[in-house]
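In what follows, every heavy atom counts, from backbone to side chain, and hydrogens, waters and symmetry copies are set aside.
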Amino acid sequence: MADVRALPLAGERHTSSETIAVHSPYDGSVLGEVPACTAADVDRAVASAKAALAAGPLPLWKRAAVLDAAARLLAERREEFARIIAAEAAKPIKTARVEAERASGTFLFAATEARKLAGEMVPLDAAAPGEGKLGFTLRVPIGVVGAIAPFNFPLNLVAHKVAPAIAAGCPIVLKPASQTPFSSIALAELLIDECGLPADQLHVVTGGGGTVGNALVDHPDIALITFTGSPPVGWSIRARAPRKRVGLELGNNAPVVIEPDGDWRGAAGKIRVAGFSHAGQSCISTQRIYVHRSIVDDFTAELVEGVRSLVVGDPMDEATDVSALISQSERERVASWVEEAQAAGAKVATGGELSADGVLQPTVLTDVTPDMKVCALEVFGPVVGVAAYDDLDEALRLANESEYGLQAAIFTSDIGKAFKAFQTLDYGGVLVNEVPTWRADQQPYGGLRDSGNTREGPAYSVKEMTEIRMVVINP
């Protein structure tokens, strides 16, 4: 039997006889086991977090010190955390290192927010009844935060929930994805054991959505839920918890428009990475590629040549660019969508098959249409689709034909076209001469419609995790 990894929970290291085995997505080997937590375990975690909140939030200097220490240690131990990410998520090791570096930055940005967290003066004497009174606001912790994290960025997207909560003074109960719990556990241990975060401020509970997830969402003493995952699950959480603050970061089928006056060769090179990094398992993975008809053949040839050069294989191999999807069922789903697109008239320019070790090859489809699943839905796999258009208005209309609205992009050298794009594209973020997959961890990141209802980035998450308290003093 594999070792059972203990969880930081209610000031103790929790184990149980009921466990969940964690398998490598690449070769199926057992990486370890974690406790199968119950609703009672969630109750214990929340009770400890609530008691910590009642005792008073950590002072700002202490929050900043914890976050600074985490940023420093994550940078120092980049390789250690990268190998955890690569093993449990099948993220190629060189890509996993980038995620570990980003997580360090996320904690650094959160430390900055902790240092400057403050309210504002309210000029009460701007109205006659307020003459002689002093008014100001405070930013106070909203309460206990329940964080439900995804598998695709098992360290940095956890950091985007945990670090702002610490900065805001909120204790956290964290549920990592069952497929990728070890990054979260290692991060929690680092924060508690080495960064000075009191053990009652952070609790990790592992288990399924139907048990641990529902227990978190339903718990009356959790004030805010932060969730990253699929739209159906996210909106069901929102409906299930109407009296809580619920922040959702959901899906996307990111479009990019490529004008003939833009650097289409540079765009092809960027999409070679942006469409296939971590096997396309990113909410902003480039998916729908709209190319002006005058350059579509040349662009496609350039893209296909680049994609064919991607190395597919073991995530621990330094040469690997693309590895396995998170599960065999996901691999089968994505492959079936490619087959459906072919049956409907799309052509496979490259890929579409399994490698010798069972990894779905990076796939470029051409002649895709909006009704195909590979365009209408979020693929979340190593597949991009190329479609031609005749004028910019048509391209922007096609890009906007989506239930999602996270990030979109355009490549053009014409500033007028760029202005038209970011004024027309109905997305949370619009990028010019960059792929929609690009993200800075300090930006306001979030979308519209089925892409969610909030903005992440430490400065924005901290505000979500605090309440405004109005103070009036009558001397």
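- Around atom CD of Glu353, no more than 12 heavy atoms belonging to other residues, nucleotides or ligands sit under 6.0 Å away.
- Side chains of Ser355 and Asp357: a donor-acceptor N/O pair is present below 3.5 angstrom, by distance only.
- Checking side-chain atoms of Arg333 against main-chain N and O of Val379 turns up a donor-acceptor pair under 3.5 Å.
- No more than 12 heavy atoms of other residues, nucleotides or ligands sit less than 6.0 Å from atom CD of Glu18.
- No side-chain donor from either of Asp314 and Thr320 sits under 3.5 Å from a side-chain acceptor of the other.
- Between Tyr290 and Leu398, the shortest heavy-atom distance links the atoms OH-O, 3.7 Å.
- Between the side chain of Arg288 and the backbone N or O of Ala399, at least one donor-acceptor pair lies under 3.5 Å.
- Under the 3.5 Å distance criterion, the side-chain polar atoms of Thr180 are left unmatched by any main-chain donor or acceptor of Pro154.
- No donor-acceptor pair under 3.5 Å is formed between the side chain of Thr424 and the backbone N or O of Ala421.
- Panel note: side chain His14, backbone Leu9; no donor-acceptor pair is recorded below 3.5 Å.
- Here the side chains of Leu224 and Lys244 are not in contact, with every heavy-atom distance at 4.5 Å or above.
- Atom CD1 of Ile284 and atom CG of Leu406 lie 6.0 Å apart (nearest 0.5 Å).
- A cation-pi arrangement is absent between Lys417 and Phe411, since the terminal nitrogen or guanidinium carbon is not both under 6.0 Å from the aromatic centre and inside a 45° cone about the axis.
- Atom CZ of Phe151 and atom CG of Leu157 lie 11.0 Å apart (nearest 0.5 Å).
- A donor and an acceptor atom, one from each side chain of Lys347 and Thr366, are nowhere located under 3.5 Å apart.
- For the pair Ser277 (side chain) and Val273 (backbone), a donor-acceptor distance under 3.5 Å is absent.
- Counting only heavy atoms from C-beta outward, the side chains of Ile410 and Val256 never approach each other to under 4.5 Å.
- Considering CZ of Phe276 and OG of Ser282, their distance stands at 13.5 Å, rounded to 0.5 Å.
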### Message
I'd like to know whether Asp218 forms a side chain to side chain contact (heavy atoms under 4.5 Å, CB included) with Arg240, so could you lay out the CA-CA distance, the side-chain angles of the two residues, the decisive distance to 0.1 Å, and finally the verdict.
### Response
CA-CA 7 Å; Asp218 295 341; Arg240 192 178 181 117; 2.7 Å; yes
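- Looking at Ser336 and Lys373, their side chains never bring a donor and an acceptor atom within 3.5 Å of each other.
- Here the closest non-hydrogen pair linking Thr206 and Pro181 is CG2-CB, 4.0 Å.
- When side chains are defined from C-beta on, Asp321 does not count as touching Val312, because their heavy atoms never get closer than 4.5 Å.
- When the options Val304, Asp297, Asp298 are evaluated for a side chain to side chain contact (heavy atoms under 4.5 Å, CB included) with Thr300, the one that passes is Val304.
- Looking at Tyr404 and Gln287, their side chains never bring a donor and an acceptor atom within 3.5 Å of each other.
- A salt bridge does not link Lys94 with Glu318: none of the charged nitrogens is closer than 4.0 Å to a carboxylate oxygen.
- Salt bridge annotation for Arg83-Glu88: absent, with no cationic side-chain nitrogen under 4.0 angstrom from a carboxylate oxygen.
- Side-chain contact, Thr437 with Ser285: no donor N or O sits under 3.5 Å from an acceptor N or O.
- Between the CD atom in Glu394 and the NE2 atom in His292 there is a gap of 9.0 Å [rounded to 0.5 Å].
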Using side chain to side chain contact (heavy atoms under 4.5 Å, CB included), reason through Phe380 and Val334 one step at a time and then give a plain yes or no. CA-CA 8 Å; Phe380 225 60; Val334 175; 6.0 Å; no
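- When every heavy atom of Ile172 is checked against every heavy atom of Val162, the shortest pair comes out as CD1-O, 4.1 Å.
- If you take CG on Leu73 and OG on Ser104, they are separated by 9.0 Å, rounding to the nearest 0.5 Å.
- Around atom CD of Glu305, no more than 12 heavy atoms belonging to other residues, nucleotides or ligands sit under 6.0 Å away.
- Pairing each heavy atom of Asp367 with each of Gly345, the nearest pair is CB-O, 4.1 Å.
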The test is side-chain hydrogen bond (donor to acceptor under 3.5 Å, both in side chains); show your working for Lys161 and Thr228 and say whether it passes. CA-CA 10 Å; Lys161 300 180 184 306; Thr228 301; 2.8 Å; yes
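- Here the closest heavy-atom approach between residue Pro370 and residue Ala376 is recorded as O-CB, 3.4 Å.
- Within a 6.0 Å sphere centred on CD of Gln179, other residues, nucleotides and ligands contribute more than 12 heavy atoms.
- Side chains of Tyr427 and Asn252: no donor on one and acceptor on the other come within 3.5 Å.
- Checking side-chain atoms of Ser451 against main-chain N and O of Gly251 turns up a donor-acceptor pair under 3.5 Å.
- The CD1 atom of Ile166 sits 5.0 Å away from the CG atom of Leu191 when rounded to the nearest 0.5 Å.
- Considering only heavy atoms from C-beta on, Asn400 comes within 4.5 Å of Leu425 through its side chain.
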Could you walk me through whether Leu108 and Asp68 satisfy the side chain to side chain contact (heavy atoms under 4.5 Å, CB included) test, starting with their C-alpha distance in whole Å, then the side-chain angles of each, then the deciding distance to 0.1 Å, before giving a yes or no?
CA-CA 6 Å; Leu108 197 61; Asp68 277 337; 3.9 Å; yes
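- Nearest heavy atom pair, residue Leu365 against residue Val338, reads CD2-CG1, 4.1 Å.
- Considering only heavy atoms from C-beta on, Val212 stays 4.5 Å or farther from Ile148 through its side chain.
- In summary, Arg72 and Glu76 engage in a salt bridge, as defined by a charged side-chain N under 4.0 Å from a carboxylate O.
- Under 3.5 Å, the side chains of Thr226 and Arg245 contain no donor-acceptor pair of N or O atoms.
- Arg77 and Glu194 are joined by a salt bridge, as a carboxylate oxygen and a charged side-chain nitrogen come within less than 4.0 angstrom of each other.
- Cation-pi geometry between Arg455 and Tyr460 is not satisfied (NZ or CZ under 6.0 Å from the ring centre, within 45° of the ring normal).
- A heavy-atom distance below 4.5 Å is found between the side chains of Leu354 and Arg331.
- Remark: the backbone N or O of Gln361 is paired with a side-chain donor or acceptor of Thr363 at under 3.5 angstrom.
- Checked by atom type, the side-chain pair Asn433/Asp263 shows no donor-acceptor distance below 3.5 Å.
- The side-chain heavy atoms of Thr19 and Pro35, taken from C-beta on, include no pair separated by under 4.5 Å.
- A donor-acceptor contact shorter than 3.5 Å links the side chain of Arg449 to the backbone of Ser402.
- Across His278, Gln281, Glu99, a single residue satisfies side chain to side chain donor-acceptor pair (under 3.5 Å) together with Lys91, and that is Glu99.
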For a salt bridge (Lys or Arg N to Asp or Glu O under 4.0 Å) check, start with the C-alpha distance between Arg397 and Glu401, then their side-chain angles and the critical distance, and finish with the verdict.
CA-CA 6 Å; Arg397 177 182 58 78; Glu401 285 184 358; 2.7 Å; yes
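- Remark: the backbone N or O of Ser327 is not paired with any side-chain donor or acceptor of Glu330 at under 3.5 angstrom.
- Put simply, the side chain of Val257 reaches to within 4.5 Å of the side chain of Tyr389, judged on heavy atoms.
- Using a 4.0 Å cut-off between charged nitrogen and carboxylate oxygen, Arg5 and Glu33 do not count as a salt-bridge pair.
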